[in-house]
Structures are given as structure tokens and as C-alpha cells.
Amino acid sequence: MNDAIVITQRDTVFMKDVDAQSSQKVSACYQCGNCTAGCPASFVYDMQANQIMRGVQLGLKEAVLNCRSLWMCLSCSTCSLRCPNSIDVAAVMETLRHMARRQNRITVPNVEKFWHSFLDTVRVCGRTYEIGVMALYILRSLRVFTDLDLAPEVLKKNKLPFMPHVVQNGGAAAIGRIMRRYKERAEREGVRP
Amino acid sequence: MKTTVAYYPGCSAHGFSVDYEKSTQAVCGALGIRLNDIPDWNCCGSTPAHAVDTELSAALCVRNLDNAVKADANELLTPCPSCLSNLRHAAKRMEDPRFRARVDELLDNPAPAVFPEVISVMQGIARRFDANALAERVKKPLKPLRLATYYGCLMSRPAEIMDFGDPENPTLMESMLTACGAEVVDFPLKTVCCGASFGIPERAVTARLSGRILALAADMRADALVVACPLCQMNLDLRQKQAEHAADAIFAMPVLYFTQAMGLALGVPPGRLGIEKLRVNANGLIDKIEAAASGSTAPVEGSRP
Amino acid sequence: MRIGVFICHCGSNIGGTVDCAKVAEKAALFPDVVYATDPMYTCAEPGQATIESAIAEYRLDGIVVASCSPRMHEPTFRRTVERAGLNRYMLEMANIREHVSWIGKDVESNTNKAAELVAIAVAKLRGNTPLHSKSFEVNKRVLVIGGGVAGIQAALDCADGDIPVVLVEREATIGGKMAKLDKTFPTVDCSACIVGPKMVDVAQHPLIALYALSEVEEISGYVGNFTVKIRKRAPYVDWDKCTGCGACSVKCPSKKTPDAFNEFTGVTTAIKVAFPQAIPKKAVITAAHCRQMSRGKCGVCAKVCPTGAVNYDMEDVIVTEEVGSIVAATGYDLMDWTVYKEYGAGRYPDVITSLQYERLLSGSGPTCGHIRRPSDGREPRIIVFIQCVGSRDRSIGRPQCSGFCCMYTAKQAVLTKDHLPESQSYVFYMDIRAPGKMYDEFTRRAVEEYGVEYVRGRVSCVYPDGKGAYSVMGVDTLLGRPVEITADLIVLAVGIEGSRGAGELAEKLRISYDNCGFFMESHVKLKPVETNTIGVFLAGVCQGARDIPASVAQGSATAAKVLGLFARDRLENDPQIACVDMRRCVACGKCVRCCPFGAIEEVSVRDEQKAHVIETVCQGCGLCAATCPQGAVQLAHSTDNQILAEVNTLCRY
Amino acid sequence: MPVLEGKELRIVGFLCNWCSYGGADAAGVGRAVQPTDLRIIRVPCSGRVDPIFIVKALLNGADGVLVSGCHPRDCHYSAGNFYARRRLEVLKQFLPVLGIDEARFEYTWVGASEAQLWQHVVTTFTNRVHALGKAPRFDAVEPLLKIADMALTALRPLGTGKNAALPKLKEAIKAKLPELECVIGWQQGYDEARTVPLFARTPQDVDKFVWGPFNVNNPAVYLPTFRGKKVGIVVKGCDARSVVELLQENLISREDVILFAMPCEGTLDMARIGEKLGRYTTVDAVVCDEASITITADGKEHRFCMADFAQGKCYGCATPLAALSDVSFGAPVDVKPVSATPPELALLDSLSLPERMSFWRGQMGKCLRCYACRNACPMCVCRDYCVSDSRDPHWMSQLADEREKLFFQTVHAFHLAGRCTGCGECQRACPVGIPILALRQQIGRVIEQLFESYKAGTDPAAAPPLLTYMPQEKNIHERGWK
């Protein structure tokens with residue numbers, strides 16, 4: 001037997017959920033592939049944008065939510081811009097990524113680690129602070145050699161201040177509160193913050 | 001209504017793109033546009049925040065908008081397209097009452113009903129100085145330079161949010177640089193993504209995408225790429241070596257902020273524009289401009305290092 | 001009145017969501033209803049027989065049929081009641097299919113709604129009276145608007161049927177788009193060689209009056225008696241004198257005039273004959289580019305013309321023609337393809353439309369049939385065809401398929417291989433739509449014999465690669481990978497829309513058109529060449545995308561309609577028209593002032609001025625009835641009382 | 001017929017046969033699911049839809065009415081929808097004065113190919129009507145009796161016309177009399193405080209002419225009955241506007257009428273004066289000074305200052321002397337017109353929609369259906385063939401209920417749309433003092449706003465706005481349904 005997908009056993013709620021959360025109508029996709037054709041990141045995708053759309057149409061929830069592509073999307077919106085059916089494909093991708101995160105499906109952990117490193121810096125300082133992001137990211141990802149080749153250049157050009165610029169007047173604390181409320185709410189609602 | 005401007009520099013202004021910030025301040029100073037920072041501004045959340053959660057992203061942005069409102073601003077300028085995109089998206093999404101309620105839950109105090117209009121510094125300058133007005137202020141025309149403009153993917157998209165002209169072919173920067181005397185090439189990849197924030201986690205993506213842009217600029221015999229985005233600039237300039245490595249080619253393509261190019265034309269000393277902070281040396285460009293301005297003919301060959 | 005009500009099940013179309021028996025049961029209780037039943041298919045023979053026998057058996061003098069839209073079967077049932085001896089206008093219909101059963105599934109609501117619609121039909125019918133038509137003379141001449149292949153066919157067929165034809169063509173020559181094509185699919189015949197003889201037939205037919213370079217300015221009147229004003233635009237050449245010798249064009253110094261006939265792929269002279277096979281073969285001056293007319297000095301053509309035909313002071317002329325019927329065959333234009341910024345449409349010289357490519361392929365085109373790139377005149381080696389540019393694209397409001405692009409692209413790819421054996425063509429497509437005779441076989445030949453590479457997917461963008469070629473960023477969805485082609489020439493299969501000005505013409509013809517400028521037929525299935533304005537017919541692409549054989553067939557079909565209409569010497573009017581109650585009329589003239597048809601006149605009756613409706617001119621719109629305060633003008637079968645009865649049936653306190 | 005309780009509301013649609021009915025058919029063919037409330041009445045053209053059909057439906061229990069026709073420029077009859085657009089827009093803006101929410105009525109354009117648009121229109125409109133809920137029943141509202149505040153300031157000083165050139169007028173009339181059938185004006189009625197119409201045919205008759213603030217009637221009302229005969233008429237400024245409107249409508253011809261224009265200083269509101277005098281009093285004497293009138297009735301003196309007791313219309317009057325005349329006895333008074341809301345209308349403006357309905361319920365309770373309003377109206381030219389008492393067409397029953405009475409008033413107002421000069425004779429003639437002029441004023445206001453400040457009866461050559469159209473209306477904005 002081949003490993004045919006039994007499409008009668010698909011998740012029929014999935015497309016409705018995606019439609020509702022992204023405010024798009026995925027059934028309008030007729031598979032012209034324009035999203036894939038214009039996608040700058042397609043070469044690192046394991047499932048092309050149009051295939052993801054098809055997956056959503058067929059209710060292939062597992063395949064779609066576990067794919068690497070969701071995490072590699074650059075959010076450049078080229079797909080949305082050129083979709084002949086006016087589907088905001090980037091919004092669908094973002095929705096799927098949010099869904100995947102909420103269900104703890106982190107297929108490309110480094111990307112998420114980078115985001116968290118970034119947001120952690122913001123949480124503490126109120127603003128980003130590149131050395132901090134890098135340090136946290138290296139700690140999280142254990143990718144010590146990330147951009148090490150750039151270090152001499154950057155330091156030479158004095159582009160990276162070593163001291164974080166903390167937002168004055170209690171702004172940093174305000175951001176901390178926003179992040180805390182977000183985290184608490186996410187935990188309350190049972191989704192991955 | 002009187003326009004009261006607030007300025008949102010964005011975090012990178014104090015980090016990687018300190019040269020963008022310097023040149024923006026210098027150009028706006030030269031044009032008499034006062035940039036008052038939003039008091040106590042914070043990070044807009046950039047890509048990571050909206051990649052994680054749109055409500056969180058909006059909350060971070062709305063706090064800035066709120067502070068701008070408290071400072072009586074009705075126009076908000078920002079140099080960074082990513083910040084611009086986030087702030088505009090947040091303002092748009094807040095029109096949905098359900099979304100607004102969810103965001104208000106995260107904030108210290110509820111968001112104001114009306115937000116100031118957020119536009120890019122580029123639009124801010126263009127609104128005050130049309131091409132003729134700019135041309136009148138040019139001291140050192142960029143005549144000898146052949147420039148390729150690059151907007152990146154965020155500035156003009158999505159069109160209904162960004163309102164930055166044709167999403168496929170924005171032309172604002174071209175008109176400004178033309179006013180500054182430069183020869184501007186019709187650069188087809190002006191809105192194609194450079195790899196964005198993937199420089200750190202997935203550098204191969206960025207190297208390849210940036211490489212394509214740099215290669216075409218070189219093929220079109222551009223003297224420099226002119227950009228409006230700190231992240232794009234970093235990918236195209238700081239990471240140009242990585243791109244060259246991936247493409248197995250040498251581009252040696254200076255990547256200027258449009259404010260740096262304009263600053264040169266307006267006669268701002270290069271030192272005040274942070275030109276020295278560029279990874280790919282742009283001194284050759286300055287020499288050409290100076291030579292043209294002083295009347296002598298610049299060397300045609302070898303202008304690019 | 002004794003009314004019979006027939007509630008049609010229409011199989012399960014109505015019966016599925018309307019309890020027809022219950023509706024009939026309720027209807028039986030409505031005032032004056034003496035008989036109600038629910039046949040399965042009322043329009044079918046047994047159904048009609050039910051009506052006929054019920055009329056006899058129950059001595060009915062009015063019938064209500066609740067079924068599909070009256071726009072569908074009102075004529076059918078009118079004939080039915082007439083056969084049974086009633087006046088054909090003693091019929092009313094309730095639309096319980098399109099307006100009830102097909103738009104909702106709630107049986108309770110539908111049944112109630114159907115019953116109410118029947119109730120208002122009964123209420124209206126109670127105000128009906130037998131009506132009788134008036135007959136009027138038919139002017140047996142036909143106007144054909146548009147001289148493309150569909151219009152030519154319609155004109156020739158009408159003229160061959162002894163009907164004088166007025167053929168109006170906007171361009172300087174007839175032939176339409178077909179005259180611009182190099183070859184036709186699937187036989188790869190020379191297009192000009194097959195349409196050319198037909199054009200000559202038009203020129204030579206004694207019953208066809210051809211107005212080229214002319215447009216319809218104004219249309220008034222009605223079936224049988226239209227009055228048409230035609231603007232003959234000034235060609236600045238006296239066509240009675242012009243022999244089409246071309247001497248003017250040879251000497252014209254203004255050689256940079258954009259060449260519209262060649263789809264702007266080349267330049268031409270300010271005075272010229274559109275193309276060698278043009279009909280009429282007469283010269284025309286493009287005023288904007290003529291040195292004499294724009295700058296006041298030159299006059300070369302006037303000097304060299306052997307017959308002295310050139311006349312720079314010529315002005316447009318309006319001529320009036322009286323006809324009894326009109327055929328619209330205005331064809332199409334390409335949509336504004338420059339909206340495709342991602343393809344650099346209109347920005348990159350080597351990204352061209354399929355119609356421009358057709359001119360490059362054509363021996364009479366600007367390159368004499370040699371395929372050369374517009375940018376540098378080089379022969380392209382890699383040619384990319386992109387399908388569905390402006391078709392099936394909802395994001396720009398063009399959801400429809402343009403119908404023939406798949407086929408002409410295959411043809412163009414085949415011809416490309418013929419012209420340039422070393423070349424390679426790629427076709428980006430979404431689906432290949434080839435449902436005609438020998439069509440699919442033709443596309444297969446393109447692939448198998450001519451090596452055309454079909455890539456399934458759309459193209460995201462095209463940009464110059466800086467080295468003189470173009471990068472085409474596409475996708476092969478069958479592979480699931482993006483693909484990139486470095487191409488020399490890109491041909492866009494640009495979608496079509498109703499020709500420029502179609503909307504304005506539709507308004508003059510009082511017919512509907514859709515948002516792409518295509519005219520609306522009377523019924524999409526059953527009346528594809530008729531329109532809602534009686535006496536106006538549609539031929540060719542002006543109604544929607546179709547290829548040459550279908551356009552020709554439709555041209556002939558309209559001719560059959562015209563000949564059928566003209567088979568009678570007199571036509572009968574629709575008697576559902578306005579009528580003035582002389583007693584009530586105070587001759588204030590409000591109705592006279594409003595009537596769009598000039599169908600009301602003031603007459604003197606016993607020394608008093610009164611309004612009077614000219615029965616054969618009135619079209620029955622009822623504007624006068626809504627205007628007259630004293631209710632002196634009433635529209636038969638839409639009287640105030642009938643509409644009030646309908647309102648009162650629905651709205652009871 | 002009853003609606004399905006709790007499920008549907010009563011929504012009536014008038015659809016033109018060619019475009020919108022076809023669009024609804026196309027929606028059906030496309031199985032475009034729609035709410036089931038709408039009941040479609042097929043009409044040949046949206047131009048056939050007399051706005052009064054819609055009022056009829058709304059007053060008789062419809063919760064919503066939708067009219068749909070061909071897109072402008074796309075009419076099967078070329079121009080029907082252009083007229084419909086003007087008339088229906090006037091109706092839409094008129095409805096609130098009756099206390100009916102204008103959102104309950106909509107008109108739109110849907111083409112025969114626009115199935116989706118039709119589905120959208122039906123769904124949106126039905127949802128809108130459901131959001132508004134069941135329409136309030138006119139019979140169920142509590143009557144509300146309120147009186148407009150008539151404390152007004154006149155645009156010019158009002159007076160008694162004591163020094164008017166009455167002898168000169170008589171001379172002029174006598175000079176013209178031989179060529180005229182008669183000259184219409186005023187003479188003293190049964191006492192000095194009342195005037196009645198005078199149809200002067202002889203020089204002796206002419207001597208009976210009176211001039212003063214008691215000349216309240218509008219003599220233009222008699223002109224159409226003399227159609228075809230040459231007559232003279234003495235006019236106040238307001239009367240002349242009625243004459244002009246009659247000329248505009250071709251109901252009289254200019255060569256058949258000689259206008260004698262007298263400068264009016266204001267006329268008295270006899271209803272309020274009657275209240276002061278009391279019922280069944282006998283007027284003994286009337287004495288005028290320049291600004292007031294002193295009436296002695298049953299031995300008691302009453303002084304009425306013109307500034308306080310003029311007719312409502314006189315306060316806002318900017319044309320005391322006829323603009324159009326053949327013989328004029330005064331110089332035009334320079335009064336700057338001010339667009340002030342008349343008091344009757346201002347009262348209604350101040351009420352909420354439910355209150356307005358209550359207001360009319362209360363007022364119509366007083367109506368006797370005597371038709372004095374109609375008979376006094378100079379623009380009511382149907383005479384014996386008024387739709388109020390005809391069976392063919394049978395617009396209204398003789399049932400004496402408030403709804404039917406209000407319906408008559410609405411019909412009257414609509415028959416006057418774009419024609420009413422605001423002379424106020426209807427209201428003045430009303431024996432029970434119903435402020436019915438407000439309905440005409442509302443239409444007048446709407447028409448002024450929509451059609452370039454159009455005022456009926458000012459230009460004999462102007463086309464009445466509802467009898468013409470512009471392909472692109474400046475002030476009517478098509479409602480976007482897309």
C-alpha cells in the first residue's frame with residue numbers, strides 16, 4: 001500500500017478556525033502558486049506557501065502546523081500583495097504560526113528563541129539592546145558562532161553600545177507590566193506566551 | 001489644524017543604525033524640521049512581537065502612540081519602516097473594538113480614542129518640501145552618482161495600511177534623490193525582501209536574498225544602494241561579506257541611508273552623517289560629489305573601491 | 001372574477017423547500033379564487049394542459065401561475081391562457097423559485113412567503129382587464145454597430161436576406177481584431193486571408209452602407225422605428241476622391257506617429273491607409289501628429305495627392321439613419337494591463353501583450369513578420385508566455401476567464417518555433433482551457449511536437465536582470481518549487497473587457513452591461529443574442545469572451561433574429577401602456593414634460609387641452625403615472641389601484 | 001397578511017422589471033441565500049414608484065421598504081430612475097417629520113447581472129430593519145399635543161398698510177377693467193375685521209376693494225378657474241409666488257393675467273385674534289394706526305400689535321412686494337432673506353421620532369376631513385378629481401381614522417413637492433388649527449437643500465425639480481452598498 005492521505009478523514013474545523021482567526025477565506029485559493037513564486041524564503045521552506053494553503057483547505061492540520069515554513073516566513077507580504085484572490089497569505093501564515101505556538105509546536109526553535117531573546121530585552125529595558133539580544137540568543141540557542149565574523153567590524157565602527165539604554169521615567173517598568181499581563185493572560189488562557 | 005510633530009527614533013537608532021539617526025537629525029536640522037522624541041518611548045516590538053502575538057505587539061505600539069497623544073502630537077514621524085509598519089498596523093487593528101478591549105487589558109491605562117497619524121521621516125520631509133523646494137536647497141548636487149533605491153518589503157506593504165504609493169513600485173525616494181541631482185536607476189528589486197530579521201537565526205536566508213539585490217545593483221552599474229530601513233541597511237551593508245560569500249562574488253556596493261545621501265546634497269559635512277560607520281567604504285562617492293561641486297571633473301574610473 | 005391558481009413544484013426546484021400543496025390550499029381562500037392546484041411541472045405540456053382544462057371546467061377568467069421568474073415563462077403561460085380562450089394579459093405570475101425556493105431552505109418561511117406572493121399576484125390580477133395590441137409599421141433596415149468579424153457576418157447575412165444594412169465602424173477600417181491577427185487556431189490559417197474576402201464582400205454589397213471612422217451618437221425610438229444619429233469623424237481626406245494609392249503616406253514627413261493598428265509596436269506616418277487590405281481603403285490623417293494640422297506648415301500630402309482629396313479643414317458630420325433593428329457587435333479591448341506593476345507592464349519594453357506579439361508575428365506588422373525584441377531589435381531566444389494576466393484575478397476585479405487566451409498562446413508558441421527554430425517558449429498557465437473542436441489536440445501538439453514547455457503556476461514578478469534579459473520568477477506547483485527563467489521576451493495573455501465606450505453605447509441602447517463592459521443578454525441560456533430592449537441584438541465578444549467561430553455563429557444568429565423580426569410587415573405593441581382619463585386630466589403637462597419617449601402629446605378635446613398617449617410610442621415605463629397628481633394617467637396592469645392592492649395585501653394594520 | 005411572528009418583519013420591495021428584478025432572479029439562479037422577509041412587487045421601472053406607495057406601506061404596517069432600479073444612466077426607459085432618484089431622496093428625507101425612521105426606507109440600484117450585490121443589499125437592508133425592530137404602530141402611540149412657539153421677530157417692520165396707495169390701485173384697475181373678465185381681490189366681509197374675495201367686473205365693484213392686514217386669503221387660488229380668460233389679480237408678495245408657480249406649471253398663461261402688486265406690510269393671524277376676541281363676539285369697530293389694530297368687539301377694545309399677531313409666514317417674508325407684476329404700487333423693500341426654520345417645523349425638529357408620531361396622532365385626532373386645506377391651496381388644481389375621494393384610483397378610504405387622515409396630508413404634501421410656495425393657506429384655512437404647513441415646509445426644506453436652493457414660485461421659467469433631473473446629481477449621493 002502507498003501512504004496516500006485519506007482526505008476523507010480530514011479536520012474539517014481546521015479551515016474554519018484558520019479563516020476565522022485570520023479573517024481570510026482560504027477556500028478562495030485556486031492554487032495558482034503565485035505566493036510561492038514570489039516568496040523570498042521559499043528555498044528554505046519544507047512546504048511551499050501554496051501547499052500550506054492547500055493543506056489548510058484539505059484540513060491537513062498536522063502537516064501544516066508542524067511545517068518549518070511557518071517559522072521561516074519573513075512576513076514580507078509579497079504573497080498577499082500578488083494573490084489574485086486577494087487572500088492575505090501572510091496573515092494566514094501568521095495565524096498558523098500563532099496556532100502552532102499555542103499548541104507548543106515549535107518546529108524551528110532557533111527562530112522562536114531569537115524572538116524571546118528580543119522580547120526579554122524589551123521586557124527588561126523597555127527597548128531593544130543588541131548585545132543583550134545576542135547574548136540571550138547565544139545562551140538559548142547554544143550557537144556561539146552566530147555572527148562572530150561581524151563582531152570586529154561592528155566593534156570597530158562603534159555600532160554596538162555595551163550599555164543598555166533603559167527607558168527613563170518608569171517606561172521600562174510599564175513595559176514590564178505589559179509583558180507580565182500578557183504572560184499571565186496567556187497562561188490563564190492556556191496558550192504558550 | 002496645526003500639525004504638531006512627534007518623533008519616534010526606534011531602538012536601532014541607538015544601536016546598529018546610529019548613522020541613520022545621526023543623518024536623519026542632521027537632514028531634518030538642515031531643513032528646519034524639529035524632531036521631538038516621544039517622551040519615554042519604548043520598543044515597538046518589531047517582528048518578534050507580532051510574530052508571537054498581535055495583541056502584545058499592539059500594546060507595545062499603543063503605549064508609544066498614547067505618549068505621543070499626551071505630548072499633543074497629531075503627526076508622528078519615524079525613520080524605521082518596521083516601526084512604521086508596527087505602529088500603523090496597531091492603529092488600524094485598534095479600530096476593531098474587540099481587539100481594542102483585549103489590548104486595553106494589557107495596558108496600564110486604556111488607549112486613547114484617536115491616534116496621531118504615523119508616517120515615515122521620508123514622507124514627513126516630502127510633505128513639507130516638494131521636489132522643487134528640495135532642489136532649491138541642494139548645495140552639492142549628487143550629479144555624478146548613479147543610485148539604486150531600495151525600500152525593502154515593509155515600507156509600501158500592505159498598501160491599505162502603509163499608504164505609501166504603489167506597493168509594487170513606490171517612487172518617493174527616487175523623486176527626492178532626483179531633486180538632489182542624482183541619476184536614479186529604475187531598480188526592479190526595490191521592494192523585494194532582503195531577509196529581514198533572519199540575519200541572526202537563519203543567516204543563509206538573508207545572505208542569499210541580500211546577495212540577489214546587491215548583484216542586480218552591481219549589474220545595473222549603480223554607485224550605491226540607497227535605503228530607508230535600518231534592518232535592510234544592516235543586511236546589505238554589514239552582512240555584505242556574508243552575501244558575497246554565499247554568492248561567490250565581490251559586490252563592494254556602498255549602502256547609504258537616504259538621509260545620508262540627502263545630507264551630502266544639502267551640504268551637511270559627512271562626519272555629521274555617520275558615513276564613516278558604513279561597513280562598505282563610501283568615501284569614493286563623497287570624493288565624486290566634492291569634485292563635481294568644486295568644478296573639476298571627477299575620475300570616471302575607480303570611483304568604487 | 002373567477003381566478004385559478006397554479007402552484008408549480010418545478011420538480012424539487014420549488015417543491016423541495018416550499019410546501020406547494022399548502023400554498024395551493026391557502027390560495028384557494030383568496031378573494032375570487034375558485035380553483036387552486038399544484039402541478040409538478042406547470043410549464044411542461046401536461047402542466048399547460050391542466051391550466052387549459054381548468055379554464056374550461058371552472059370558467060376561469062384569470063390565471064395566477066406561481067413558478068419560476070416571469071422573465072422566464074410569462075410568454076409561455078400567456079400563450080397557454082390564450083389557447084384556452086382568455087385574453088393573454090389575464091395572467092399574473094408569482095416568482096416562487098428564484099425569489100423563494102432557491103434563496104432559502106426554511107420550509108415554513110418559504111411556504112408562507114410563497115403564499116403571500118401568490119396573494120399579491122391575485123390582488124393584482126383582480127385589477128387586470130383584457131388588453132389588445134396595436135400594430136405599427138416596421139422599417140426594414142438594420143443598423144450593425146461594429147465591423148469586426150461578428151458584425152461583418154451579421155451585416156452580410158442580413159444583406160443577403162435583402163435587408164438594407166447600415167454598418168458603423170469606429171476605426172478607419174473594418175476587420176476588427178481578427179484583421180490584426182497573424183494566424184488563427186487550431187488550423188493556423190492566415191487570419192487576414194480568411195477575413196479579407198468577407199471585408200471585400202461588405203464593401204461590394206449593394207445593400208450595405210458602410211460608415212467607417214464613425215460612431216453612434218444618439219439612438220431614439222423603439223423596435224421597428226429607431227432613429228440613429230451617427231457621427232462621421234473627419235478623416236481630413238475626401239473619401240469620395242481618395243483612391244487609396246498611398247502616395248501621401250510615402251511622402252509624409254511625420255514618420256513618428258504611433259501606430260494604433262500595430263498596437264503601438266511601431267511607428268507610422270501621420271497620413272496613411274490603416275493597412276494594405278483595409279476596407280474602405282482610404283487614407284486618414286492623425287491630426288495630432290500631422291505637421292500641417294498641428295503646426296500649420298507642411299501640406300506635403302495635399303500637394304502629392306493625385307486626386308486632391310486631402311482637406312485639412314474637414315469637420316465631423318452627423319448623419320441620421322432610420323432603422324427597425326440594431327445589432328451591437330462592438331467586440332473587446334484589452335484591459336489596462338499596466339496595473340500589473342509586478343510584471344513591469346508598460347514599464348519594460350520587452351514585456352508585451354499577446355496582441356502586440358500578434359503584430360510582431362504578422363507579415364504586415366512593423367517587423368514584417370520577424371520576431372524582434374522591441375527594446376533592441378534582437379531576436380529573442382527564450383520567450384515566456386504568462387497566462388491569465390487580467391483574467392481570473394479577483395484582486396483587480398476581473399474574476400472571469402477570458403476564454404480564448406489558452407488557445408492563442410498555444411498558437412503563438414507554435415508560431416514562435418516556426419519563426420525561430422532555435423527558440424524555446426515557456427508557458428505559465430493555471431489550467432489549459434481548450435474545449436473546442438480540435439483545440440485540446442492543438443495544445444498537445446504544441447507541447448509534444450513543438451517542444452513548448454508548459455509550467456503550471458503563476459508568475460510572481462518579472463524584472464530586468466541588468467544584463468539585457470529579464471528574470472521571470474514563477475512557480476511550478478506540480479513540482480512544488482519556485483522556478484526562475486531568464487527570458488528575452490515576455491508575452492502577457494492580457495484579459496479582455498468590453499470595448500472602450502461600451503458602457504456609453506449600452507446606455508444609448510438602453511441595455512445592461514456588467515462591470516467589465518460586456519453587454520447583458522436577455523437570458524443567459526435561452527436568449528443569448530437578444531437583449532432586454534426588443535429589436536436590439538448582440539453578436540460576438542461584446543457579450544462575453546468567445547472565439548472567432550463562435551463570434552461568426554452569433555453574427556449569423558443575430559441576422560436570423562433580424563430577418564425573423566422583419567418577416568412581418570407590422571409589429572404589435574405591448575398593450576401594457578399608459579392611458580389618460582380625460583375627465584381627470586387638467587392639462588398641466590407634467591406627464592408630457594417627463595415622458596422619456598415623447599409619447600404623450602397635448603390634444604384639444606372639445607376646446608379643452610388634454611394629454612394623450614401615442615400608443616405605439618409609449619413603452620410602458622409608468623413614469624407619467626407616478627407623476628400625475630390627480631391619477632389621470634394610469635399604466636395598464638400597473639395601475640395605481642393594482643399596486644395599491646398589492647401593498648394593501650402585504651401591509652394590513 | 002400577518003408576518004411570521006418572531007421570525008420575519010414586513011419588508012416590501014419595489015423592483016424594476018429590467019435590472020433589479022433580473023438581479024434578484026440572478027441571485028436566485030446563483031442560489032445566493034437571502035433573508036426571507038422581503039416581498040417583491042414587480043414594477044416596470046423605478047420611475048413608476050410614486051413615493052406615496054411607500055408612505056402607504058409604511059403607515060399601514062410595513063417595517064421597511066426597499067426600492068431598487070437600474071443604475072443611473074442604465075435605465076431601460078433611459079430616464080425613469082433619474083426621476084425616481086430625486087423623488088425617492090426627497091421622500092427619504094421627508095419621512096422623519098412623520099416620525100418614521102428614514103432607515104426603514106432605502107432605494108438602490110442593482111443591475112440584472114449583479115446577483116451578489118442583490119444578495120448583499122437584501123441581507124444588509126433586512127438586517128438593518130431587524131436592528132430597528134418592528135415599526136411603531138401609528139394607532140398605538142399616545143397622542144401628544146404641542147403648540148409651536150410663535151414669538152417671532154420679523155425680518156422687517158410689520159405694519160397695517162394704512163398708507164398704501166389704495167385709490168391709485170382702484171384707478172389702475174378701472175383703467176384695465178374693460179379688457180378683463182374681472183379683477184380678483186378683497187372686499188369687506190360681514191364685519192370690518194373680515195374680508196372676502198372680490199371679483200370686480202364693474203367700476204362700482206372696484207370701489208369695494210379694501211387693503212390691509214385682514215387681506216389674508218390668497219386670491220391666486222381662483223386663477224385656474226379662469227383659465228383661457230383674461231383676468232386681473234391684486235397680489236401680496238406671497239400671492240404672487242403662487243401665480244408664478246401656476247405659470248411655471250402651465251396652468252395659466254402669462255398673457256391671460258394682469259398682476260396688480262401691492263406692498264404688503266403683513267397680515268393678521270385671525271385664529272389667534274379670534275381667541276382673544278372670544279367666540280360669537282360682534283365686531284363694532286376697527287381702527288388702524290401704523291403698527292397696530294384696535295378692534296372693538298362687544299364693547300370691549302382689543303389692541304393687536306402687528307409685530308405680535310401677524311401670520312407665521314409674514315415674519316420670515318422677504319418679498320412683501322411681488323417680483324412679477326404688471327402694475328406695481330410700491331418700491332421693492334430691501335429685506336435680506338434669512339433661512340430660518342419656520343416655527344411649526346422648528347417644533348417638530350425639537351421632537352424625537354416617537355414624539356413626532358405622537359404629535360401627528362394628536363393633531364390628526366382633531367382633523368374633520370373637511371378638506372378646507374385642499375380647497376384653499378392655490379396649487380391644488382385637480383378640483384373635482386382629487387384622489388382623496390376617488391375610487392379609481394382608490395388611494396384612501398373614507399374611514400375617519402388618524403392614519404388615513406395623516407395619509408391624506410402626506411399625499412397632499414407630496415403632490416405639492418417642489419411646487420408649494422409656502423403661502424400657508426392650508427394651515428390658515430384649517431378650522432381646527434392643525435399645523436399641517438409643517439409637512440409642506442419639510443419637503444420645501446429638503447428640496448431647497450437638494451436642488452441648489454430651489455424655491456417654488458420665484459422664476460416662471462424654472463423647471464420644477466421633481467419634473468427634471470441631472471444625470472449626476474450634485475447633492476444626492478448614491479449610497480454605497482459594495
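Proteins come first, then strands; the chains are lettered A, B, ... in the order of their sequence lines, and each starts at number 1. These values consider heavy atoms only, across backbone and side chains, with no hydrogens, waters or symmetry-generated copies.
- Minimum heavy-atom separation, D:F14 to C:I643: CE2-CG2, 3.8 Å.
- Only the backbone of D:V49 comes within contact range of chain C, with at least one heavy atom under 4.5 Å from a heavy atom of that chain.
- Between the side chain of C:R584 and the main chain of D:Y385, a donor-acceptor pair closer than 3.5 Å is present.
- The heavy-atom pair separating C:G620 from D:Y77 by the smallest distance is O-OH, 3.7 Å.
- Residue C:E602 touches chain D through its side chain alone, counting heavy-atom pairs closer than 4.5 Å.
- When only modelled atom types and interatomic distance are considered, D:R42 and C:S638 share no side-chain donor-acceptor pair under 3.5 Å.
- Looking only at heavy-atom pairs under 4.5 Å with chain D, the residue among C:A121, C:C621, C:C68, C:C588 that has the most is C:C621.
- For the pair D:V12 and C:E646, the minimum side-chain heavy-atom distance is 4.5 Å or more.
- Residue D:A26 does not touch chain C at all, counting heavy-atom pairs closer than 4.5 Å.
- Using a 3.5 Å distance cut-off with no hydrogens or angles, the side chains of D:D25 and C:S69 do pair a donor with an acceptor.
- For C:A625, the parts lying near chain D are the backbone and the side chain together; criterion is any non-hydrogen pair under 4.5 Å.
- Ranked by heavy-atom pairs under 4.5 Å with chain C, the list D:R227, D:E8, D:Q119 is led by D:R227.
- Side-chain contact between D:H76 and C:T533: present, with at least one pair of heavy atoms (C-beta onward) separated by less than 4.5 Å.
- If you measure heavy-atom distances from D:E249 to chain C, the contacts under 4.5 Å come from both the backbone and the side chain.
- Between C:N641 and D:W395 the shortest side-chain heavy-atom distance does not fall below 4.5 Å.
- No other option in D:L467, D:L246, D:T36, D:D37 has as many heavy-atom pairs under 4.5 Å with chain C as D:L467.
- Interface check for chain D: of the options C:E504, C:K124, C:R97, C:Q630, the most heavy-atom pairs under 4.5 Å are formed by C:Q630.
- For the pair D:R48/C:L623, no side-chain contact is recorded, criterion being any heavy-atom separation below 4.5 Å from C-beta on.
- Heavy atoms of C:A632 lying under 4.5 Å from chain D are absent altogether.
- For C:P70 against D:Y21, the heavy-atom pair with the smallest separation is CD-OH, 3.4 Å.
- Heavy atoms of D:A32 lying under 4.5 Å from chain C belong exclusively to its backbone.
- Remark: D:C19 SG to C:M520 CE distance equals 8.5 Å, nearest 0.5 Å.
- Contact between D:N17 and C:R71 at its shortest, heavy atoms only, is O-NH1, 2.9 Å.
- Of the residues considered (C:G503, C:A626, C:S101, C:G622), C:A626 shows the highest number of contacts with chain D, using heavy-atom pairs under 4.5 Å.
- Here D:R39 is the residue among D:H394, D:R39, D:H415 with the most heavy-atom pairs under 4.5 Å with chain C.
- Atoms CZ and OG, from C:F518 and D:S113 in turn, are 12.0 Å apart once rounded to the nearest 0.5 Å.
- Residues C:C651 and D:R10 form a side-chain contact, since some pair of their non-hydrogen atoms from C-beta on lies under 4.5 Å apart.
- Contact check for D:I41 versus C:I120: side-chain heavy atoms found under the 4.5 Å cut-off.
- Contact count against chain C (heavy-atom pairs under 4.5 Å) is highest for D:C382 among D:A62, D:C382, D:A463, D:P35.
- For the pair D:I40/C:N95, no side-chain contact is recorded, criterion being any heavy-atom separation below 4.5 Å from C-beta on.
- Between C:I103 and D:G28, the closest heavy-atom pair is CG2-CA, 3.7 Å.
- Distance check: D:D392 CG to C:Q634 CD gives 6.5 Å after rounding to the nearest 0.5 Å.
- Using a cutoff of 4.0 Å between basic side-chain nitrogens and carboxylate oxygens, C:E108 and D:K7 are scored as salt-bridged.
- Panel note: side chain C:K105, backbone D:V33; no donor-acceptor pair is recorded below 3.5 Å.
- At a 4.5 Å heavy-atom cutoff, the contact between C:L635 and chain D is made by side-chain atoms alone.
- Nearest approach of D:Q248 to C:R593, heavy atoms of both residues: O-NH2, 3.4 Å.
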